[in-house]
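By convention in this document, chain letters (A, B, ...) are assigned in the order of the sequence lines, proteins followed by strands, and residues within each chain are numbered from 1.
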Number of protein chains: 2
Amino acid sequence: MTDFGEQAVAEQGGVQIGLTAVIVAVTDDEPRVLVVRRVDHALASTEEGVAREGDALSDDTLEALPYGPFYPGRHRTLDAGLRGWVEEQTQLDLGYVEQLYTFGDRGRDPREQELGARVLSIGYLALAQEAKPAGAGEALWQNWYRYFPWEDWRAGKPEILTQEIEPGLDEWATQADSPAEIRERFSRIDATFGSEEVRWNEDRVLERYELLYEAGIVTEAQRDRGQDMAFSVHSHPMVLDHRRILATAMGRLRGKLKYRPVVFELVPPTFTLFELQKAVEAISGNLLHKQNFRRLVEKSGLVEGTGKYESRTGGRPAETYRYVRDILAERLTAGPRLPVGKR
Amino acid sequence: MTDFGEQAVAEQGGVQIGLTAVIVAVTDDEPRVLVVRRVDHALASTEEGVAREGDALSDDTLEALPYGPFYPGRHRTLDAGLRGWVEEQTQLDLGYVEQLYTFGDRGRDPREQELGARVLSIGYLALAQEAKPAGAGEALWQNWYRYFPWEDWRAGKPEILTQEIEPGLDEWATQADSPAEIRERFSRIDATFGSEEVRWNEDRVLERYELLYEAGIVTEAQRDRGQDMAFSVHSHPMVLDHRRILATAMGRLRGKLKYRPVVFELVPPTFTLFELQKAVEAISGNLLHKQNFRRLVEKSGLVEGTGKYESRTGGRPAETYRYVRDILAERLTAGPRLPVGKR
DNA sequence: GCTCCTTATACTCATATTGAGCATATATTT
DNA sequence: AAATATATGCTCAATATGAGTATAAGGAGC
């Protein structure tokens with residue numbers, strides 16, 4: 001195998017490492033993500049492209065995930081690097097932190113040319129307990145369905161799917177070159193967006209985003225390809241590939257919810273079972289059957305009642321619970337699948 | 001958020017990106033991983049440490065995963081970079097490729113000092129159809145249980161667990177400072193290695209390795225800390241953090257087996273159901289109930305019989321099947337859990 | 001040919017898990 | 001006190017799972 005030698009060093013040229021964080025919290029029963037919303041001189045080269053996108057967003061809404069460079073001299077580990085600048089800049093105390101993926105496609109960052117270096121970005125998912133207004137005022141918490149309106153099925157199938165996305169995808173599919181290719185495209189649409197036979201799988205956030213990107217009906221695709229906008233789904237784009245990173249985080253978190261007790265990182269220390277359920281629903285984007293959710297959670301042995309009750313909601317008071325951080329019981333949060341269904 | 005500016009560039013210093021590949025195949029019912037086994041000048045600084053390890057391995061068995069530098073000028077994407085040098089050097093045609101994790105702890109690579117650069121390594125998992133002798137002769141296929149003998153439960157609970165690991169871990173736990181810390185350590189041991197209440201979870205390969213590392217009873221831990229070897233589990237170490245990367249790959253693959261049809265990447269185009277089963281068993285490290293496995297696979301709709309039979313095994317001939325690459329059926333390989341049990 | 005051995009495949013059955021809904025309890029509001 | 005709202009308890013049918021038993025279909029030895 002090739003080794004690292006003088007030559008390798010010379011050929012590699014400059015590489016910059018950026019750390020991009022998807023910081024998630026749930027407040028008011030909505031999933032929030034920390035977003036930076038300013039025109040950054042470092043992003044200037046993108047500005048034009050974004051501004052061209054027309055009615056989907058106005059000039060001042062350049063939205064990005066918080067990110068910062070990784071300083072190899074300063075940080076012993078990548079995780080430490082991330083925690084470092086996030087806690088420094090947002091005063092947020094990150095609990096759960098997980099590395100997501102390293103993004104390194106050429107051209108993902110237009111600054112590469114100025115810098116004369118390739119910019120890799122290591123994406124992180126972090127869960128925060130509460131969504132406080134977040135220090136500096138530059139950062140703010142946004143409902144993540146702002147960027148992915150088709151992912152929220154809590155109020156039934158989103159209109160944007162039937163009205164915009166499905167027609168758009170169908171058109172894209174039929175524009176393929178060969179009949180075989182057309183069939184192939186329809187298959188992929190069904191597999192990711194569901195159909196009569198295949199039910200919607202909430203974990204496939206990234207696959208859906210990538211299909212929309214490929215079909216060119218998401219604004220970033222048009223920006224990146226320098227196309228004019230024939231049609232684009234009404235949703236908020238983000239700078240660079242940040243919406244892709246967010247999609248990765250959403251899919252990962254939704255998946256993890258099913259086999260690891262990560263919800264507890266998102267709710268306050270004590271909570272009612274219904275509050276817990278609503279946090280799960282916010283993340284997974286669909287409703288759960290209340291009685292079955294309760295059965296599942298109680299059976300898991302991950303929570304214990306506090307003996308105290310809470311009656312802010314009009315009806316019978318609900319007992320509050322706390323998470324029992326039992327390392328032994330941590331194997332499963334919620335069994336094979338969450339109890340989907342109506343309330 | 002901090003941006004990339006001149007200053008950032010200056011402070012970042014050099015960063016080298018290495019791509020490390022865990023290339024897996026199943027042959028003769030054993031999981032194999034492609035390993036490089038030579039004394040590399042780039043690894044010279046590690047050589048001493050490894051040689052010191054005594055009876056666990058001899059001088060000439062410096063084992064490493066195949067790795068190569070990432071050339072930002074040459075490769076458009078990280079995946080392309082990996083495929084590039086792997087296919088170039090091993091003549092292997094990689095099918096399934098998945099990014100695993102980016103490893104970046106300071107000190108993970110002793111060459112950092114010579115190079116004056118931080119070396120990050122992006123780990124990849126790749127699945128190959130067959131384990132051919134692999135070109136150059138430098139690389140060879142090794143049974144992955146060579147490095148993780150405690151992970152193979154196909155012939156019952158491995159002796160190394162009862163004879164070496166469990167005593168070693170127990171000793172480590174009791175050496176903790178406070179009673180609380182002792183309890184904590186025992187909890188972690190139970191959670192990762194199982195106990196009466198907690199059954200062995202085959203996915204937790206990395207957690208187990210990291211616990212062994214922390215307990216100092218794995219040779220790399222002693223090498224990295226410069227300790228002398230009081231006691232170490234009889235298993236083969238690897239260069240740098242490659243055994244950790246392999247553990248990550250094993251855990252990821254074992255997990256994926258349960259909800260994605262990845263086994264089919266590891267078996268030939270046609271196979272009997274029992275061959276398929278044995279591939280799953282090789283990866284997951286435990287035996288499955290034959291009749292139930294068959295039921296599960298048939299029900300999944302992922303395979304179809306070819307109408308041809310194969311009788312190499314003495315008994316009644318088995319029908320051969322092929323994988324139906326049905327994008328719609330790809331949701332689940334094997335349902336929530338694989339049918340564990342005796343044959 | 002028949003018997004024994006071996007593996008493949010079919011079928012059964014008890015138990016656990018899921019999805020869905022009904023019933024009851026305990027608060028607030030009118 | 002009645003109406004309304006939510007919490008919690010319980011039932012039940014449909015599946016899924018784990019573990020066998022039974023039968024089929026080949027080869028080897030006699």
> To the nearest Å, give me how far apart CG (B:L276) and P (C:dA8) are.
13 Å
> In this structure, how many angstroms lie between the P atom of D:dA24 and the OH atom of B:Y309, rounded?
15 Å
> Of the nucleotides D:dG26, C:dT18, D:dT17, which one has an atom closest to the side chain of A:K299?
C:dT18
> What is the distance, rounded to the nearest whole Å, between atom NZ of A:K258 and atom P of C:dT18?
13 Å
> Can you name the closest pair of heavy atoms from A:A128 and A:L266 and give their distance?
O-CD2, 3.7 Å
> How do B:G315 and B:T320 order along DNA chain C: which one's closest nucleotide is nearer the 5' end?
B:G315
> When the ring planes of B:F148 and B:Y209 are compared, do they come out parallel, tilted or perpendicular, using 30° and 60° as the limits?
perpendicular
> Check the distance between C:dT18's P and A:H289's NE2 and give it to me in whole angstrom.
14 Å
> Please find the pair of heavy atoms, one from A:T162 and one from A:K157, that lie closest to each other, and give the distance.
CG2-CE, 3.9 Å
> In whole Å, what is the span from the CG atom of B:L296 to the P atom of D:dA16?
10 Å
> Calculate the interatomic distance between A:Q277 atom CD and D:dT8 atom C1'; express it in whole Å.
13 Å
> Please figure out whether B:P317 or A:T272 has its closest DNA chain D nucleotide nearer the 5' end.
A:T272
> Of all residues at least two apart in sequence or in a different chain, which pass the side chain to side chain donor-acceptor pair (under 3.5 Å) check with A:R316?
none
> Apply the test side-chain hydrogen bond (donor to acceptor under 3.5 Å, both in side chains) to residues A:S235 and A:R243: give CA-CA distance (whole Å), side-chain angles for both, the deciding distance (0.1 Å), then the verdict.
CA-CA 11 Å; A:S235 64; A:R243 194 147 59 149; 2.9 Å; yes
> How far does CD of B:E304 sit from CD of B:E319, to the nearest 0.5 angstrom?
10.0 Å
> Taking atom P of D:dA22 as reference, at what distance in whole Å does atom NZ of B:K290 sit?
18 Å
> What integer distance in Å separates A:E310:CD from D:dT6:P?
14 Å
> Looking at B:R208, B:R252, B:K258, which hits salt bridge (charged side-chain N to carboxylate O under 4.0 Å, His left out) with B:D203?
B:K258
> With the criterion being N/O to N/O and under 3.5 Å, what pairs connect the protein with nucleotides 9-15 of chain D, and how long is each?
from	atom 1	to	atom 2	distance (Å)
D:dG9	O6	A:Q291	NE2	3.3

